[in-house]
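Beneath this line is the structure, given in structure tokens, with notes to follow.
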Amino acid sequence: MAGIYIHIPFCKQACHYCDFHFSTSMKKKTAMVEALEKELILRKNEINEPIETIYFGGGTPSVLSVAEINLLIAAVYHHFDVAENPEITLEANPDDLDKEKIIALAQTLVNRLSIGIQSFFEEDLKLMNRAHNAQEAINCLETATQYFSNISIDLIYGIQHMSPEHWKENIATALSFNIPHISSYALTVEPKTALAKFIEKGIIEDVDDALAQQHFNILTETLEKNNFVHYELSNFGKEGFFSKNNTAYWLGKKYLGIGPSAHSFDGNNRSWNINNNSKYIQIITENKLPSEVENLSVTDRYNEAVMTGLRTVWGVSLKKITEDFGENYVAYLLKQAKKYLEKELLIITDEASVKTLKATQKGKFLTDGIASDLFIIDEI
Ligand code: SF4
């Protein structure tokens with residue numbers, strides 16, 4: 001089983017914290033959709049397995065018209081072997097989701113919405129320069145929940161000056177809509193973003209790790225109490241509603257990434273498309289592929305297995321590391337993990353005689369830092 005990711009590189013305005021690839025000019029939207037369709041055709045033989053998930057990510061896929069979304073889904077069905085009942089997700093922003101659009105989307109094959117709410121508070125949305133306001137966030141969820149049962153929303157925590165009470169209120173508002181999935185990320189300061197510049201100039205205070213950790217603890221505790229499974233560091237889902245697209249990615253399944261800046265994985269190698277809309281369209285128009293391939297070394301694959309394993313509820317199976325990489329990799333992993341096991345930031349569980357390295361509740365927030373300490377820098 002495999003997945004197809006389609007990158008829609010347009011946004012109405014640039015959020016201050018974002019370093020994804022997108023353009024705020026819609027001039028090339030039609031040409032882009034044509035190029036995306038063409039890339040699907042050019043790469044139709046790259047995946048010979050049934051497609052289980054189709055994911056429109058961005059950027060802001062909800063800037064596409066329903067006709068454009070239908071055209072791309074039809075192209076996938078036409079050129080690939082699509083499994084029965086695939087998960088088809090559309091990332092959407094609240095300002096695009098008026099009642100008319102939601103009803104029209106419900107009539108397409110899209111069966112999952114991932115909505116970029118980020119916060120229900122006006123001041124947070126302004127600070128982040130989101131295109132929607134708090135009322136639009138509420139309105140779109142009120143309507144979307146009437147037409148879609150599989151909805152995820154994004155929420156951002158660790159925003160400067162966000163009090164724990166304010167964060168609890170955001171979570172409570174999200175829960176009041178009875179949605180089955182929440183993705184939540186700490187506000188991070190990426191280089192060259194507007195946020196980084198504002199902090200540099202002293203216009204906005206820097207983010208505070210201690211505050212983010214406090215918010216993270218509130219988040220995990222509240223959502224777990226409300227029957228969400230914390231199945232990946234930033235993802236919480238009710239049983240049966242984990243994102244199939246993201247899970248496949250974490251479990252190392254193949255996926256085809258279509259569109260500028262999209263990444264692909266064929267089981268061994270990773271490749272990525274050029275992140276420039278005009279060049280992408282031009283190269284595709286010439287029937288060429290705008291991609292570069294990276295051959296993953298054994299060490300790269302080990303590092304990825306450790307990072308993704310530790311971030312998920314499934315952990316890092318020591319047996320699988322032995323099978324895939326050999327005894328010396330497990331020995332290295334355990335040597336590096338020792339101090340974190342002693343501090344109870346990591347734990348080795350032993351369910352059905354399968355030993356698995358996992359982050360503890362105390363260690364979860366620090367997962368990325370811990371994982372990088374378990375990485376191999378030079379070949380062993
Ligand atoms: S809408 Fe999403 S992709 Fe676009 S600028 Fe904002 S965070 Fe980035």
Side-chain angles (χ1 to χ4, degrees), residues 1 3 5 51-58 60-62 69 73 83-94 96-97 99 101-120 132 134 136-157 167-186 215-251 253 308 311-314 361 364:
M1 292 290 184
Y5 172 86
I51 301 299
E52 244 190 345
T53 60
I54 302 170
Y55 192 98
F56 288 90
T60 311
S62 53
I69 293 165
I73 295 176
E84 241 181 84
N85 303 320
E87 176 187 272
I88 306 185
T89 304
L90 183 88
E91 284 184 355
N93 279 344
D96 291 324
L97 291 183
K99 188 166 184 182
K101 179 93 172 229
I102 292 171
I103 292 174
L105 283 172
Q107 284 159 6
T108 69
L109 292 180
V110 171
N111 49 27
R112 183 171 184 270
L113 292 180
S114 171
I115 307 176
I117 299 285
Q118 317 308 354
S119 176
F120 294 100
H132 66 278
E136 281 171 319
I138 299 279
N139 292 351
C140 101
L141 276 179
E142 272 172 4
T143 313
T145 46
Q146 289 171 36
Y147 293 91
F148 284 86
S149 54
N150 197 351
I151 293 180
S152 175
I153 67 165
D154 286 357
L155 290 177
I156 291 185
Y157 60 88
W167 175 233
K168 281 181 193 164
E169 217 176 308
N170 252 345
I171 303 171
T173 308
L175 290 173
S176 70
F177 289 101
N178 202 20
I179 44 169
H181 192 279
I182 294 177
S183 299
S184 192
Y185 307 89
H215 289 176
F216 179 81
N217 292 342
I218 293 170
L219 177 75
T220 52
E221 201 176 301
T222 315
L223 292 189
E224 278 168 4
K225 263 191 213 148
N226 282 276
N227 301 324
F228 282 84
V229 179
H230 189 188
Y231 70 103
E232 197 268 348
L233 192 59
S234 309
N235 288 280
F236 303 79
K238 295 207 172 147
E239 284 299 346
F241 287 95
F242 297 0
S243 160
K244 286 189 191 155
N245 173 75
N246 296 357
T247 305
Y249 170 74
W250 298 317
L251 296 180
K253 294 196 183 170
T308 49
R311 285 182 63 104
T312 63
V313 76
W314 301 287
Q361 186 59 31
K364 270 184 188 167

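On a predicted model such as this, the values are computed, not experimentally measured, just so you know.
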- With sequence neighbours left out, write down each residue that passes salt bridge (charged side-chain N to carboxylate O under 4.0 Å, His left out) with E232, or none if nothing qualifies. R311
- Item | Partner residues of D154 under the salt bridge (charged side-chain N to carboxylate O under 4.0 Å, His left out) criterion, sequence neighbours left out | none
Minimum heavy-atom distance [X]-[Y], with the two atoms named:
X	Y	value
N170	S119	ND2-OG, 3.1 Å
P86	I51	CB-O, 4.1 Å
K168	I218	CG-CG2, 3.7 Å
L233	F216	O-CE1, 3.8 Å
A144	L113	CB-CD1, 4.2 Å
F241	P180	CG-CB, 3.4 Å

For the pair [X] and [Y], name the ring-plane relationship: parallel under 30°, tilted 30 to 60°, perpendicular over 60°.
X	Y	result
H181	Y231	perpendicular
F120	F177	parallel
H230	F236	parallel

Look up atom [atom1] in [X] and atom [atom2] in [Y], then write down how far apart they are to the nearest 0.5 Å.
X	Y	atom1	atom2	result
N217	H215	CG	NE2	10.5 Å
I182	K238	CD1	NZ	8.5 Å
L105	L97	CG	CG	6.5 Å
I138	H132	CD1	NE2	10.0 Å
L251	K244	CG	NZ	13.5 Å
T220	Q361	OG1	CD	4.5 Å

Would you indicate whether the side-chain heavy atoms of [Y] and [X] approach each other to under 4.5 Å?
X	Y	result
T312	N235	no
I117	P94	yes
I73	V110	yes
N150	N111	no
I171	Y157	no
L141	T173	no
W314	T247	yes
L90	F148	no

- Message: Just checking Y249: does its OH atom have more than 12 heavy atoms from other residues, nucleotides or ligands closer to it than 6.0 angstrom?
- Response: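 Open.
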- Flag yes if more than 12 heavy atoms outside E224 fall under 6.0 Å of its CD atom; otherwise flag no. yes
- Can you check side chain to side chain contact (heavy atoms under 4.5 Å, CB included) on Y147 and Q107, steps first, answer last? CA-CA 9 Å; Y147 293 91; Q107 284 159 6; over 6 Å; no
Between [X] and [Y], is there a donor-acceptor pair closer than 3.5 Å when you use the side chain of the first and the backbone of the second?
X	Y	result
T108	A104	no
S234	S183	no
N227	E239	no
T145	E142	yes
E91	G58	yes
T89	Y55	no
E87	R112	no

- Message: Determine whether N93 and S62 satisfy the following criterion, side-chain hydrogen bond (donor to acceptor under 3.5 Å, both in side chains), listing intermediate values before the conclusion.
- Response: CA-CA 7 Å; N93 279 344; S62 53; 5.5 Å; no
- Query: Which is it for I69 and L109 under the side chain to side chain contact (heavy atoms under 4.5 Å, CB included) test, yes or no, and what are the steps along the way?
  - Reply: CA-CA 9 Å; I69 293 165; L109 292 180; over 6 Å; no
